[in-house]
Structures are given as structure tokens and as C-alpha cells.
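Have a look at the structure below, then the notes.
Per chain, numbering begins at 1; letters A, B, ... match sequence-line order.
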There are 2 protein chains.
Amino acid sequence: MNPKTGNPTLTGESGSLRGRRITREKALTAAARILLEEGYARLTMERVAAESRIAKTTLYRRWPTKAALCMELYLEATRDLRDPRTGNVKSDLRAIADTVVRLQTRTVAGPALLGLIAEAQITPESKGPLLAEFSQQRRRLTRLVLQRAIDRGELQPGTDVDLVIDAIGGAITFRLLQGHAPINKRFTNQLIDLVLSGCLSNRALPRKNGK
Amino acid sequence: MNPKTGNPTLTGESGSLRGRRITREKALTAAARILLEEGYARLTMERVAAESRIAKTTLYRRWPTKAALCMELYLEATRDLRDPRTGNVKSDLRAIADTVVRLQTRTVAGPALLGLIAEAQITPESKGPLLAEFSQQRRRLTRLVLQRAIDRGELQPGTDVDLVIDAIGGAITFRLLQGHAPINKRFTNQLIDLVLSGCLSNRALPRKNGK
DNA sequence: ACACTACGCTACGTAGCGTATCGAAAATTA
DNA sequence: TAATTTTCGATACGCTACGTAGCGTAGTGT
């Protein structure tokens with residue numbers, strides 16, 4: 001987003017001072033366009049190089065694999081996914097789910113994520129490094145929200161947070177992957193209701209902050 | 001591509017009467033061995049041809065894509081997945097889940113399915129024909145079990161069957177894809193308990209959260 | 001025996017990968 | 001401005017796998 005200031009990012013910014021610089025955006029926008037308009041199959045390093053007018057060698061110096069390029073696209077697109085802090089767990093989850101659905105269905109984050117998942121299954125060495133940290137990254141926000149709900153008594157103390165994340169996140173990803181049913185707010189709301197009804201506390205609403 | 005009777009080549013059965021026959025198992029066992037021992041990335045048509053001593057051209061005549069070959073491996077491996085008919089919905093679901101988990105983690109069905117899902121994301125034209133019928137095939141048994149439970153009053157009448165399938169099947173597939181947490185009976189049991197608690201009929205016995 | 005058909009083999013053209021080399025361009029320093 | 005340092009662009013190469021074509025051969029039914 002800010003190529004000229006030397007603001008260091010994970011993989012995109014060159015670390016040294018001298019020499020020519022490519023604009024990182026040139027590569028990412030070309031990749032995003034191909035990914036959105038033509039799909040993951042057409043996204044090749046050669047193609048990105050040709051369309052962005054960046055040499056293939058240069059591309060490989062920064063992004064050693066196509067997956068690394070997609071990862072950066074994904075992280076870039078999902079940067080505005082934050083803790084909603086609405087005050088109760090159901091609203092929090094709904095807000096997160098709505099944002100996720102919007103990102104997945106209307107931005108480059110969707111095909112990027114699907115491509116990353118697919119690549120991880122196919123390319124053996126990427127399954128470990130890629131998904132290990134990646135899935136943790138994805139789960140962190142939901143885990144935070146759920147743990148907070150447990151702490152303030154909204155959810156039963158023994159709630160298995162990872163199980164809840166898998167049930168909700170898994171169902172959404174399932175529909176994304178298979179495309180057998182629509183993904184909309186009605187779906188996510190019902191899904192969250194269904195899963196939460198198994199672990200909501202029986203007690204009254206928390207009185208700590210007096211809502 | 002089958003001259004005699006509309007018999008689809010997807011089944012691997014030779015449709016005609018005359019000429020030499022390859023043993024279909026020669027190709028499938030070679031493919032299964034590669035898939036299990038070396039993963040989906042190493043599974044190439046050239047490799048299967050070389051190891052099974054079947055000509056590459058012959059391979060392509062029967063299985064036009066690698067995905068078709070994997071599909072046949074998957075269907076072959078999951079042939080013994082049947083309706084458990086235990087008498088109640090929770091036992092039914094547990095039995096199905098246990099079988100699915102066993103097939104996915106201990107047979108060629110696991111890598112075959114992951115490969116198929118991955119391929120569908122990457123190869124654009126396979127996403128439609130492949131997953132459309134494929135996901136329906138996968139859901140049919142669970143849908144049968146759940147609908148039966150609704151009919152006999154175990155589940156609430158308004159239960160969204162597809163939603164329940166997505167929550168359970170999605171979570172299991174999620175763990176398979178990302179490999180971030182173990183998949184065992186304890187996981188599937190808790191998962192089924194969690195999801196079912198949101199749609200069990202009131203006539204069912206009240207349940208404590210401990211086990 | 002014959003006709004028919006499927007198979008094996010070889011070869012070919014294409015796509016994309018990932019790397020090596022080298023000259024040129026940009027940014028920093030003097 | 002000039003020199004230095006570093007990166008970028010262009011080209012070429014070898015490699016793997018794809019998918020197809022042609023042709024001879026081996027198995028199958030009548």
C-alpha cells in the first residue's frame with residue numbers, strides 16, 4: 001500500500017537501500033486482476049510477469065512461489081478484519097462472519113484463499129509452513145471473541161473453543177469450496193444460532209458491565 | 001467416448017467386447033500406491049503409466065484427467081459406507097462419522113478427496129461437473145439419516161438439514177484440509193453433540209454437558 | 001480363419017516452472 | 001556531477017508434465 005516510504009512488510013518490501021525498486025503494487029494488482037477475472041488456474045508467474053511488465057526473475061526473487069504471492073494478496077485483502085466488540089458473543093460472531101463472507105465473495109480474498117488451500121493439498125512442502133501458521137492466523141480473532149465470552153459467562157465454562165470455530169468456520173469454508181449452497185447472512189445467522197445453542201450459558205446475562 | 005451402450009468411461013469398465021483388455025486394477029492400484037506413499041503432487045498420468053506398465057495413451061482413453069482417476073479411487077474406497085440404522089440419530093451420525101474418519105485417515109479416500117477438492121479449485125472446468133454431483137453424493141447418506149430423524153420426531157420439524165450437514169461435515173473436512181487438530185472419535189462425538197443440541201426435539205431426554 | 005478392437009510404443013508440440021547470466025537503470029554516496 | 005552499489009529487465013536454457021497422433025501389435029468375438 002505504501003511502496004515509496006520503505007515501510008517494511010512481510011515479504012513485499014525490499015530490505016536494502018540502493019538500486020532500482022519495483023512497485024510492489026504493480027505485481028499485486030496484476031495478480032489480483034488475473035485471479036478475479038480468470039481464476040487460480042490462469043494465475044501463473046509467467047502471466048503475472050508479462051502483464052505487470054516485471055521480469056520473471058524479479059518476481060521469483062520476491063515471491064518464491066505462486067502461493068506466496070497469493071498469501072500476500074489474501075493478507076492485504078483481509079487487513080480490515082478486526083474485533084467487532086459489540087458486547088455479546090452472538091453479535092460479535094455475526095459481525096465477523098458477515099465481514100468474512102463479504103471478503104470471500106466480493107474481493108480477491110476468496111479465490112486467493114481457495115487457491116492457497118488447494119495448493120497446500122497439492123504441493124507437499126507448502127502444507128506445513130503455509131497452513132500451520134495460516135490457519136492459526138485465521139482462527140485468532142474468533143478464538144479471542146469466544147474466550148472473552150467464556151470469561152464473562154456468556155458461554156459455558158467447558159466450551160471447546162476450537163470445536164466451535166471448526167463448526168462455524170468449517171461450514172462456511174465448506175460452502176465456499178463446494179459451492180453447493182448460497183452463502184449469505186441468513187445462512188451465517190442460522191449457523192451461529194445452531195452452534196451457539198449448544199454452548200450458551202444457562203445463566204442470565206452478565207452484569208459486570210451492566211448492559 | 002464409449003462406443004457401446006451409453007456406459008460412461010468414468011466407471012473404468014471397458015464398454016466394448018473385442019480387443020485387448022487392460023486390468024483396471026493395475027492402473028488403480030498403481031495410482032493408489034503413489035497417492036498414499038508420495039501424495040497428490042507426485043501422482044501424474046506419466047507416473048501411473050510408467051508404474052502400471054500401461055501406455056499413457058491408454059490411460060488417457062479411460063480417464064481423461066487425473067481427477068477422474070482420483071474420483072474412481074475415492075468411489076472405490078468409500079463403497080462400504082452405508083446407512084447404519086442404529087435406531088437413533090446420534091448413533092447414526094456417530095457411526096457415519098467414524099466410518100468417514102477411518103476412510104479418510106487410513107485409506108486412499110483421504111488423499112483422493114483432498115486432491116479432488118484441490119483440483120476443483122484450480123482447474124476451472126472441473127469445479128462444476130465434479131463437485132456438483134460429487135458433493136450431493138457425499139451428502140445423500142447424512143441427509144437420509146437426518147430426514148428420518150425429523151420424521152420420527154427426534155429432531156425439531158423445522159431443522160435445516162443442509163445446515164446441520166455443513167456444520168458437521170464442514171468441521172471434519174476443515175480439519176482434514178488444514179490439519180491443525182487431530183481427528184478422532186472424541187472430536188466427532190463432541191462435534192455431533194454440539195450441533196445436535198441445537199436442533200434436538202424437546203421430547204428428547206434432557207442432557208447435561210458432562211459425559 | 002477372419003475382422004475387429006484395444007493396447008503399447010514412440011514421437012511430437014506446448015505450457016509453465018525455476019535458474020543462470022549479463023547489461024542497464026535507479027538510488028545512494030562522495 | 002560522478003562514482004558506487006544494488007536491483008531490475010531481458011534472454012536463454014533445461015526440466016517436467018501435459019495431451020495427442022500415428023502405427024504396429026496382441027487379444028477377442030464370430
**Request:** Find the distance B/W63:CH2 to D/dG19:P and express it as a whole number of Å.
**Result:** 15 Å
**Fill in**
B/K66 atom NZ is separated from D/dT16 atom P, nearest whole Å, by 16 Å
**Item:** Atom-to-atom span, CG of A/L43 to C1' of C/dC17 - whole angstrom
**Value:** 14 Å
**Asked** Going by number, which of residues 46-57 of chain B have a non-hydrogen atom under 4.0 Å from DNA chain C?
**Response** B/R53, B/I54, B/A55, B/T57
**Prompt:** For A/M45 and D/dC15, what is the distance between atoms CE and P respectively, to the nearest whole Å?
**Reply:** 22 Å
**Below 4.0 Å: OP1/OP2 of D/dC8 and any side-chain N or O of A/R62** = yes
**Message:** Hydrogens and angles aside, do A/E25 and A/T29 bring a side-chain donor and acceptor to less than 3.5 Å of each other?
**Reply:** no
**Asked** Is A/D193 salt-bridged to A/R94, cutoff N-O under 4.0 Å?
**Response** yes
**Asked** Of the nucleotides D/dG9, C/dC17, C/dC7, which one has an atom closest to the side chain of B/R61?
**Response** C/dC7
**Prompt:** For B/Y40 and D/dA17, what is the distance between atoms OH and C1' respectively, to the nearest whole Å?
**Reply:** 13 Å
**Message:** Under the side chain to side chain donor-acceptor pair (under 3.5 Å) definition, can you give me all pairs with a residue in residues 156-174 of chain B, not counting sequence neighbours?
**Reply:** A/R175-B/D166, A/H180-B/D166, B/R139-B/D166, B/R143-B/D162
**Request:** Nearest whole angstrom, please: distance from the P of C/dA27 to the CZ of A/R21.
**Result:** 7 Å
**Closest to the B/Y60 side chain, choosing from D/dG22, C/dC17, D/dC18** = D/dC18
**Contact summary for B/A77 and B/L103, nearest pair of heavy atoms** = O-CD2, 3.4 Å
**Prompt:** Does the distance from a Lys or Arg side-chain N to an Asp or Glu carboxylate O, for B/E72 and B/R62, drop under 4.0 Å?
**Reply:** no
**Nearest-angstrom distance from the residue atom CD of A/E38 to P of C/dG16** = 11 Å
